[in-house]
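To start, the structure itself, in structure tokens.
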Amino acid sequence: MSAVTRLPAWQALQQRIDTALNTPIKSLFDDPARCGQYTLKVQNILLDISKQPIDNDTFGLLLQLAAEVDIESRREAMFNGQHINVTEDRAVLHTALRNRSNTPVYVDGEDVMPIIEHELKRMRVFVKAVRSGRWRGYSGKRITDVVNIGIGGSDLGPRMVTQALKPYADDRIRVHFVSNVDGVEIANVLRELNPERVLFVVASKTFTTSETMTNAQTARNWLMASSFDSRAVAKHFVAVSSNVAAVKAFGIKPENTFQMWDWVGGRFSLWSAIGLPIALYLGFKQFEELLQGAHEMDLHFRHEPLNSNAPVWLALTTLWNSTFLGRQSQAILPYDWPLARFSAYLQQAEMESNGKSVDSHGQPVPYGTGSIIWGQLGIDGQHAFYQYLHQGNAVVPADFIGSIESSTPVQGHHEKLMANFFAQTEALMCGIDADHVRTELAAKGLDEARIEQLIPHKVHEGNRPTNSLILDRLDPRTLGALIALYEHKIFVLGSIWDICSFDQWGVELGKTLAKGILPELEEGVLREGHDDSTASLMTYFIEQRRALKARE
Ligand code: F6P
């Protein structure tokens with residue numbers, strides 16, 4: 001038995017599983033206090049967890065569990081720069097990047113706030129130069145397009161945020177993203193652009209990621225083909241990285257390099273210079289608003305008691321559904337078009353962080369950890385996969401996210417959108433029983449035999465858990481808070497599971513194998529040691545490529 005499963009609250013929670021599975025969630029509302037009791041308003045975000053299979057006793061025990069694993073001390077350890085990333089022996093300080101309180105944050109005895117402020121100042125100056133047209137391309141033309149070249153945490157955050165905050169952008173700068181090593185993506189992006197007016201941001205914490213390096217090289221060749229002068233690189237390329245030496249070797253000058261640090265995890269890095277495309281697109285003031293919103297959520301998370309702490313609540317709903325009730329996936333369903341990429345963003349944030357199966361001491365964990373995160377815009381999902389959510393034989397807890405005010409109001413649209421939000425969460429919880437279906441079909445004049453035949457197909461069991469998050473509006477500050485809310489949720493879950501949420505060793509093996517396979521594909525010669533299946537697929541690929549080339 002692991003240490004956490006021996007805790008009194010854990011043991012008591014196990015005794016609550018049957019009750020939770022056999023109690024209709026809607027019956028919990030017999031308690032008239034429930035709505036108020038399970039709703040929190042933090043900054044501009046209303047969080048309602050009342051539609052969860054969590055009664056007062058269970059919630060008390062979940063909070064007790066959070067206290068028994070000593071979330072408060074773990075939280076302080078993170079904010080105070082202790083090396084909570086134990087396998088990489090690093091601090092985890094994305095919170096310092098958005099610390100707007102003018103207080104020091106120490107890593108190994110050194111206050112990191114001055115270097116953060118210094119880098120923010122460099123970003124501010126650079127953003128102003130580009131947006132004002134003072135920074136010009138090699139032929140003297142102003143920059144109109146920024147292309148971010150990066151992948152994973154060096155792509156998903158800025159890509160999601162720039163889409164989410166499009167209504168706050170002016171038309172000075174357009175922004176594009178290239179992450180995939182499939183040449184189709186970069187070719188599609190470059191086709192639309194004028195090399196004299198493009199700024200490439202090569203974003204890579206390590207500056208070794210093969211996809212990013214390949215795309216950066218292709219972009220440089222494309223620029224050279226038009227400028228015929230290697231000095232053009234200085235006008236059209238900047239880098240964001242913690243590997244300054246590798247950036248220099250690539251040919252980007254130190255004055256065009258923005259720094260990040262090893263205590264910033266890639267998937268938590270949009271608050272660093274990785275957010276440069278956000279600032280270039282929206283202006284630095286809006287970027288600072290994003291930081292401010294996240295900082296305010298940090299303050300809430302750090303100082304609010306567990307029983308009124310939004311990230312803790314969100315984490316406990318996932319813990320209960322996944323680890324105790326065995327629901328392995330979780331859907332993220334925004335009813336706010338600008339959040340179209342939010343679930344893709346959270347997929348990396350949560351799954352790379354908590355997709356672990358050993359605890360911080362290297363022992364196998366005997367319970368379910370990180371959920372499978374997936375989703376897309378709720379309305380589109382309704383016409384795609386909601387059938388499964390309502391009647392599939394696996395229960396998928398879902399977070400619904402909507403806003404009071406649309407960031408781009410269009411007459412008659414927003415109420416329709418939100419009517420669906422409320423309808424779906426209601427339907428998922430309440431369902432519709434056989435009697436109801438029978439009455440409905442009888443009213444339509446169907447005969448009894450047909451009615452009985454249809455009933456099992458039309459019954460919705462309901463009892464499907466959802467959280468509702470309602471934002472005042474999706475502005476930069478609120479988005480910052482929303483992202484930080486989920487970041488801290490991930491931290492709380494990792495703390496309770498006692499896993500290291502801040503490493504990602506599981507991505508290494510595939511990368512290493514790909515490095516070895518590349519020369520085999522290029523030279524067309526297989527080395528020994530592949531399993532039979534992979535060897536035969538590679539042979540097929542090599543032969544087909546050879547045949548293709550012969551035909552060209
Ligand atoms: O492959 C996973 C990963 O290491 C992520 O953690 C990271 O966000 C991404 O690759 C990109 O890494 P980098 O910023 O170093 O290019």
Side-chain angles (χ1 to χ4, degrees), residues 84-94 97 119 123 147-162 177-182 185-186 200-220 237-250 252 257-278 341-356 370 373 483 486-487 490-491 494 499-518:
I84 64 166
N85 177 350
V86 287
T87 67
E88 295 179 308
D89 193 17
R90 289 175 184 168
V92 174
L93 273 179
H94 42 283
L97 299 169
E119 222 47 25
M123 281 173 73
V147 179
N148 188 75
I149 298 180
I151 197 165
S154 300
D155 165 78
L156 290 161
R159 206 192 271 249
M160 179 272 287
V161 171
T162 49
F177 292 87
V178 174
S179 60
N180 205 301
V181 78
D182 186 332
E185 190 179 25
I186 192 163
F200 292 101
V201 178
V202 186
S204 175
K205 181 178 170 183
T206 55
F207 227 73
T208 56
T209 304
S210 137
E211 295 87 339
T212 301
M213 294 302 110
T214 306
N215 281 323
Q217 196 58 52
T218 299
R220 188 160 66 174
F237 275 80
V238 296
V240 183
S241 185
S242 61
N243 187 350
V244 180
V247 175
K248 210 167 158 201
F250 181 84
I252 299 177
T257 304
F258 295 87
Q259 239 200 304
M260 59 191 292
W261 305 273
D262 69 358
W263 36 263
V264 182
R267 52 194 175 272
F268 302 100
S269 65
L270 71 88
W271 322 100
S272 70
I274 290 289
L276 195 59
I278 302 172
R341 294 198 56 88
F342 194 56
S343 59
Y345 170 77
L346 283 184
Q347 213 164 47
Q348 186 204 16
E350 288 214 34
M351 294 177 76
E352 199 164 88
S353 298
N354 287 340
K356 312 282 161 70
I373 302 292
I483 300 167
Y486 276 92
E487 284 180 347
I490 292 165
F491 168 82
I499 56 181
C500 182
S501 300
F502 299 102
D503 60 21
Q504 56 284 319
W505 299 107
V507 303
E508 295 303 327
L509 177 59
K511 280 188 198 173
T512 309
L513 291 182
K515 239 185 227 157
I517 287 175
L518 176 61

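Counting starts at 1 for both ligands and their atoms, in listed order. Residue indices begin at 1 and follow the sequence shown.
- Between Thr212 and ligand 1, a contact under 3.5 Å exists for no N or O pair.
- Summarising the contacts of atom 8 (O) of ligand 1 with Gly153, Gly150, Ser179, the nearest heavy atom is found in Gly153.
- In this structure, the side chains of Glu88 and Phe502 stay at 4.5 Å or more apart for every pair of heavy atoms.
- Interface atoms of ligand 1 facing Lys205, defined by a heavy-atom separation under 4.0 Å, are 13 (P), 14 (O), 15 (O).
- Compare Arg267, Glu508, Gln504, Glu352 by their heavy atoms: the one nearest to atom 5 (C) of ligand 1 is in Glu352.
- Side-chain atoms of Met213 and Phe207, non-hydrogen and from C-beta on, do get closer than 4.5 Å to each other.
- Close contacts of ligand 1 with Ile151, meaning ligand atoms under 4.0 Å from a residue heavy atom, involve 9 (C), 11 (C).
- At a 4.0 Å cut-off, at least one heavy atom of Gln348 sits close enough to ligand 1 to count as contact.
- Ring geometry for Phe250 versus Phe237: interplanar angle of 30 to 60°, hence tilted.
- For ligand 1, the atoms lying closer than 4.0 Å to a non-hydrogen atom of Ser204 are 13 (P), 14 (O), 15 (O), 16 (O).
- The aromatic rings of Tyr486 and Phe342 stand perpendicular to each other, their planes meeting at an angle above 60°, with 30° marking the opposite boundary.
- Against a heavy-atom cut-off of under 4.0 Å, Thr209 is close to the following atoms of ligand 1: 12 (O), 13 (P), 15 (O), 16 (O).
- Within the 4.0 Å heavy-atom criterion, the part of Val507 lying near ligand 1 is the side chain and not the backbone.
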Exercise for the section: Determine, stepwise, if the pair Ser242 / Asp262 fulfils side chain to side chain contact (heavy atoms under 4.5 Å, CB included). Expected result: CA-CA 7 Å; Ser242 61; Asp262 69 358; 5.7 Å; no

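- Those atoms of ligand 1 with a heavy atom of Thr206 less than 4.0 angstrom away are 13 (P), 15 (O), 16 (O).
- Within the model, atoms NE2 of His94 and OG of Ser272 stand 11.5 Å from one another, a figure rounded to the nearest 0.5 Å.
- Among all non-hydrogen protein atoms, the one lying nearest atom 10 (O) of ligand 1 is Lys511 NZ, 4.1 Å.
- For the residue pair Glu487 / Trp271, a side-chain donor-acceptor distance below 3.5 Å is found, with atom types taken as modelled.
- Looking only at side-chain heavy atoms (C-beta outward), Arg159 and Ser179 come within less than 4.5 Å of each other.
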